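This report concerns only the one structure given below.
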Number of protein chains: 2
Amino acid sequence: MRLMSPPVGLAALTDTDLVGQVARVLTQAVVTGQLAPGAKVVEAGIARELGISRAPVREAARLLEQQGLLVSHPRRGFFVRKLEIRDIDEIYDLRICVECHAALLAAKNLTPANRAALRKQIDVLHETADLEDHARQVEEDYKFHRMIVEIAGSKRLLKVFDDLSSEMRMVIGLIGRLYDDPHRIAQTHEALLEVLEQGHDDIIAARFDYHIAAAWREVGRLVREIPSSTNGVAP
Amino acid sequence: MRLMSPPVGLAALTDTDLVGQVARVLTQAVVTGQLAPGAKVVEAGIARELGISRAPVREAARLLEQQGLLVSHPRRGFFVRKLEIRDIDEIYDLRICVECHAALLAAKNLTPANRAALRKQIDVLHETADLEDHARQVEEDYKFHRMIVEIAGSKRLLKVFDDLSSEMRMVIGLIGRLYDDPHRIAQTHEALLEVLEQGHDDIIAARFDYHIAAAWREVGRLVREIPSSTNGVAP
DNA sequence: TAAGCGTCGATTGTCGACAGTTTAATCTTG
DNA sequence: CAAGATTAAACTGTCGACAATCGACGCTTA
């Protein structure tokens, strides 16, 4: 006898994931610069503001620490991480390493379905290119890159990418503007997809390497251009 | 007046880093198999055993979760991660990606000092090869690889490597024995160092790729060979 | 007889409290 | 007046407590 209702694809509702929520709030605050680099993150303050106790805040803060957005000095608390030029170099260097590899794997896993998804995302890039919403543009840009890593099919690769992402968002947030013309970015990504579809390892690696390295150069230039006192990036 | 004893270069006895200590204890328990894959990690149990409260235990558990050693099911607690063949493949795939890159960077940063350090570590490998202490041998093996990533000079690269390391230790722990003859391992590493000193990018990458892939194959073989019921590795 | 329903102990998520430490602000003192 | 000592306020690290929830087990019922 079967009385149990059949499994319908409902999203498991985890309304009690306070830690996760706090982590999201904090991440947002950091990448938007609402919490400036070097700023102290007072547990009790955050807790009071969110109407909760300190315990979940502490756990969330540890998460962000592991992600590299916060640093903790024992007995002194958590602080928003200050990025130095050297950090930005590390971030992009690792990103090249990870994303080139992901691209190679993705090319092998490319199916009509996810190929279409990538195409669609490029359309989104074109659409948002005319808007003045820079944050949105950055978001869609990353989404494209993330999709490739997803297609690569390695959870660990994706985790590394995601951790890097928040750091990169922080950097972009500090710069305060895009590192390139949004239309050009959309076109570039179109080219990336083509190369991916082509499927030649050397070309894929070289192309992704170049693409990310270009962003690296631009970001580096822009960061150096802004006085460090105003952006929290030390030389 | 200065009554405080002068700072000695001791391992910064931060006696109040409970979370760190707990994290170390838990990590050890997991990689040694003392906590078997799939086992539930009861917060109160750990806390009582260590004579502390649950708060630090929770924070430590979150750390290990982020590291991939534990998984948390909301409202059900933390469990020791069960590794599947797929995970092992992911781990080694990422390790190749990361370590090859690290090796290239390390070759560029190679100085007489750290070159000597690597040589010395190879000596240690030879010395411990005769011992029957497998755990020690594995440890020294990783130390060599870690040194290379350290020389590469990227904190983020090192972090990725360290996270992977604990997972790899877990795998090795499950297998329960070395994947190769320790003397052969020592020799192989000697060859790696030579290639590193030579300084040709292509050769370095190819050699490290091959070296790690070989371990991957061996580990994969050994894992498959053991009935999954006894080792916690699902197929 | 087996799916579904209470019930009960075990465990998690969260909270408020307290001691000890750090930071700042104020007060000395040469 | 500046450098150091002193005090007060703020904050962290840790704890124990409590309600909410989960899993197991036996009970009901079709």
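In the text below, chain A, chain B and the rest are named by the order of the sequence lines, each starting its count at 1. The figures that follow rest on heavy atoms only: side chains count, while hydrogens, waters and symmetry mates do not. The structure presented is a predicted model; accordingly, all values stated were derived computationally and were not measured.
Within the 4.0 Å cut-off from OP1 or OP2 of C:dT12, at least one side-chain nitrogen or oxygen of B:Lys40 is found.
Between the CD atom of A:Glu65 and the P atom of D:dT12 there is a distance of 14 Å, given to the nearest Å. To the nearest angstrom, C1' of C:dT14 lies 13 Å from CD of A:Gln21. The CD atom of B:Glu43 sits 15 Å away from the P atom of D:dG16 (whole-angstrom rounding). When the C1' atom of D:dT12 is taken as reference, atom CD1 of A:Ile46 falls 14 Å away, rounded to whole Å. Between B:Arg48 atom CZ and D:dA17 atom P there is a gap of 14 Å when expressed in whole angstrom units. Atoms CZ (A:Arg75) and P (C:dT22) sit 7 Å apart, rounded to a whole Å.
For the pair B:His73 and A:Phe79, both in contact range of DNA chain C, the more 5′-proximal nearest nucleotide belongs to B:His73.
Applying the side-chain hydrogen bond (donor to acceptor under 3.5 Å, both in side chains) test to every pair with at least one member in residues 38-49 of chain B, sequence neighbours left out, gives these pairs: B:Glu43-B:Arg54, B:Glu43-B:Arg58.
Comparing atom distances between the A:Val19 side chain and each of D:dT21, C:dT14, D:dT12 picks out C:dT14 as nearest. Of the candidates D:dC22, D:dT12, C:dT11, D:dC22 carries the atom nearest the B:Arg76 side chain, counting heavy atoms from C-beta on.
For the contact set between residues 50-59 of chain B and DNA chain C, defined by any heavy atom under 4.0 Å, the members are B:Arg54, B:Arg58.
Crowding of A:Glu139 atom CD: a count of heavy atoms from other residues, nucleotides or ligands under 6.0 Å exceeding 12.
In this structure, B:His145 and B:Phe208 have perpendicular ring planes: the angle between them is above 60°, well past the 30° mark.
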Apply side chain to side chain donor-acceptor pair (under 3.5 Å) to residues B:Asn114 and B:Thr111 and explain how you reach the verdict. CA-CA 6 Å; B:Asn114 48 39; B:Thr111 66; 3.2 Å; yes
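With sequence neighbours excluded, the residues that form a salt bridge (Lys or Arg N to Asp or Glu O under 4.0 Å) with A:Asp163 are A:Lys159.
Side-chain atoms of A:Asp89 and A:Trp216 form a donor-acceptor pair, as typed in the model, at a separation below 3.5 Å.
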